[in-house]
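A quick write-up on the structure given underneath.
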Protein chains: 2
Amino acid sequence: MLKLSKKTEYALMAVKFMARNAADGSVTAKEISEGYNIPYDLLSKVLQQLTHKKLVNSFQGIKGGYTLNHDPENVTLFDIISAVEPNYQITDCFQEGSTEKDCTYINCCMIRDPLAKVQKEIDKLFKAVTIQQILWP
Amino acid sequence: MLKLSKKTEYALMAVKFMARNAADGSVTAKEISEGYNIPYDLLSKVLQQLTHKKLVNSFQGIKGGYTLNHDPENVTLFDIISAVEPNYQITDCFQEGSTEKDCTYINCCMIRDPLAKVQKEIDKLFKAVTIQQILWP
DNA sequence: TTTAATAAGACTTATTTAGTCCTATATCAA
DNA sequence: TTGATATAGGACTAAATAAGTCTTATTAAA
Ligand code: SF4
Ligand code: SF4
């Protein structure tokens with residue numbers, strides 16, 4: 001159905017919040033959650049995923065929080081999506097080492113390679129969009 | 001998660017089958033289903049949806065079946081997807097007349113317009129890919 | 001040592017997708 | 001005219017995924 005998950009949207013919103021409040025140093029998950037009305041627990045997971053991909057810095061402890069790790073013009077929509085969506089591809093069979101478990105048609109499929117090309121185009125598109133462009137259009 | 005549904009894949013496979021067997025006149029859902037191992041009932045629905053969008057011709061009755069209504073180079077991936085996926089867009093809020101029921105953030109959202117632009121790029125991409133290119137790469 | 005933050009896994013619920021079943025209708029041919 | 005076989009389409013069930021919640025552990029400043 002080609003829909004982005006809420007996690008991607010929350011990630012973008014969180015990045016926006018962090019950039020806006022960069023002056024005040026780090027920003028907590030609670031502040032973002034309350035500022036934009038995002039479920040706290042889910043947002044926390046999103047921030048953790050962004051941390052793993054080094055898109056944000058996290059600081060633990062009572063004065064902890066998050067900061068952006070890159071300038072918005074150096075982070076793309078592709079970075080955000082692939083940090084947050086486990087496998088964001090248009091079919092189930094593009095992963096490294098996909099087998100019949102992923103799709104029963106995998107060994108006889110006549111649309112796989114062509115769709116892989118479409119996937120590459122989509123990747124290219126997402127890599128061409130920076131979050132700078134998205135969040136300050 | 002950005003995945004195409006099985007219905008889209010089945011639609012593409014069905015189109016391929018029809019083109020391949022065009023010489024024999026119309027082709028039945030059963031033949032496609034058995035030829036490519038696609039669940040019959042689901043495939044039938046897909047074919048009905050393609051019929052509604054005039055992408056295929058359907059013939060009822062005992063000698064009935066389906067034929068392609070256009071040359072493969074004149075049908076795009078966009079046509080197939082939008083025939084078969086109810087609303088294939090990357091967010092819930094791009095429909096005509098979307099309200100708070102679709103997304104609670106709709107009136108305060110800072111990422112909606114930018115994502116709409118991304119959607120347009122995706123549309124453009126899908127419209128640029130013909131099923132000729134996909135099925136006979 | 002208390003407090004407030006992140007980290008992370010387990011769990012539950014809601015939504016969507018995939019698949020099935022059943023009945024109606026159309027058409028051909030014996 | 002009737003039986004066989006095709007599409008049409010609605011209702012339903014099951015499976016998979018996404019979204020949200022709960023709980024416990026860890027971290028670090030005051
Ligand atoms: S049907 Fe083909 S393209 Fe789709 S998931 Fe299976 S192998 Fe991949
Ligand atoms: S968060 Fe914004 S972009 Fe996403 S569905 Fe809601 S209104 Fe649309």
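Only a predicted model underlies this, so the values are computations on that prediction, with no experimental measurement involved. Residue numbering restarts at 1 for every chain, and letters A, B, ... go by the order of the sequence lines.
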Under a plain distance cut-off of 3.5 Å, with no hydrogens placed, do B/Q133 and A/K117 share a side-chain donor-acceptor pair?
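Looking only at side-chain atoms, B/Q133 and A/K117 do not form any donor-acceptor pair under 3.5 Å.
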With distance as the sole criterion, is a donor-acceptor pair present between the side chains of B/T76 and B/D79 under 3.5 Å?
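Yes, B/D79 and B/T76 have a side-chain donor paired with an acceptor closer than 3.5 Å.
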Quantified as the angle between the terminal helix axes (five pairs each), what is the overall bend of the helix from C/dT1-D/dA30 to C/dA30-D/dT1 to 10 degrees?
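Computed angle between terminal axes is 10°.
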Considering only residues two or more places apart or on different chains, which pairs with a residue in residues 34-75 of chain B satisfy ring-ring contact (aromatic ring centres under 6.0 Å, His included)?
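Output for this query lists B/F17-B/Y36.
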Could you pull out all donor-acceptor pairs under 3.5 Å where a side-chain atom in residues 99-109 of chain B meets a protein atom, sequence neighbours excluded?
{"from": "B/T99", "atom 1": "OG1", "to": "B/K101", "atom 2": "N", "distance (Å)": "3.1"}
{"from": "B/E100", "atom 1": "OE2", "to": "B/N107", "atom 2": "ND2", "distance (Å)": "3.2"}
{"from": "B/D102", "atom 1": "OD2", "to": "B/T99", "atom 2": "N", "distance (Å)": "2.9"}
{"from": "B/Y105", "atom 1": "OH", "to": "A/N37", "atom 2": "O", "distance (Å)": "2.7"}

Listed partners of B/K6 passing salt bridge (Lys or Arg N to Asp or Glu O under 4.0 Å), at least two apart
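Applying salt bridge (Lys or Arg N to Asp or Glu O under 4.0 Å) to B/K6 gives B/E9.
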Looking at A/L55, A/V84, A/I32, which hits side-chain contact (heavy atoms from CB on, under 4.5 Å) with A/L47?
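With A/L47 as partner, side-chain contact (heavy atoms from CB on, under 4.5 Å) holds for just one option, A/I32.
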I'd like to know if the side chain of [X] reaches the main chain of [Y], judged simply by a donor and an acceptor atom lying under 3.5 Å from each other, with no hydrogens or angles considered.
{"X": "A/K16", "Y": "A/L135", "answer": "yes"}
{"X": "B/Q119", "Y": "B/Q89", "answer": "no"}
{"X": "B/S33", "Y": "B/A29", "answer": "no"}

Using only side-chain N and O atoms of B/S58, determine if any of them is under 4.0 Å from OP1 or OP2 of D/dA8.
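Affirmative; the distance criterion is met.
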What's the [atom1]-[atom2] distance between [X] and [N], to the nearest Å?
{"X": "B/H52", "N": "D/dG9", "atom1": "NE2", "atom2": "C1'", "result": "8 Å"}
{"X": "A/E85", "N": "D/dT17", "atom1": "CD", "atom2": "P", "result": "13 Å"}
{"X": "B/L50", "N": "D/dG9", "atom1": "CG", "atom2": "P", "result": "13 Å"}
{"X": "B/Y66", "N": "D/dT5", "atom1": "OH", "atom2": "C1'", "result": "13 Å"}

Chain B contact limits on DNA chain C, taken 5' to 3' with a cut-off of 4.0 angstrom to heavy atoms:
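Result: C/dA18 to C/dC28.
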Encode nucleotides 21-30 of chain D as B, S and - characters from 5' to 3', where the letter depends on protein heavy atoms closer than 4.0 Å: B to the base, S only to sugar-phosphate, - to neither.
BB----BBB-
How long is the straight-line distance from NZ of B/K127 back to CD1 of B/I81, given to the nearest 0.5 Å?
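It comes to 11.5 Å.
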Going from OG1 on A/T8 to CG on B/L2, what distance comes out if it is rounded to the nearest 0.5 angstrom?
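Spacing of OG1 (A/T8) from CG (B/L2) equals 7.5 Å.
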5' priority, DNA chain C, between A/G65 and B/Y10 [closest heavy atom]
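The answer here is A/G65.
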A/A29 or A/K3: which one's nearest nucleotide on DNA chain C is closer to the 5' end?
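In this pair, the answer is A/A29.
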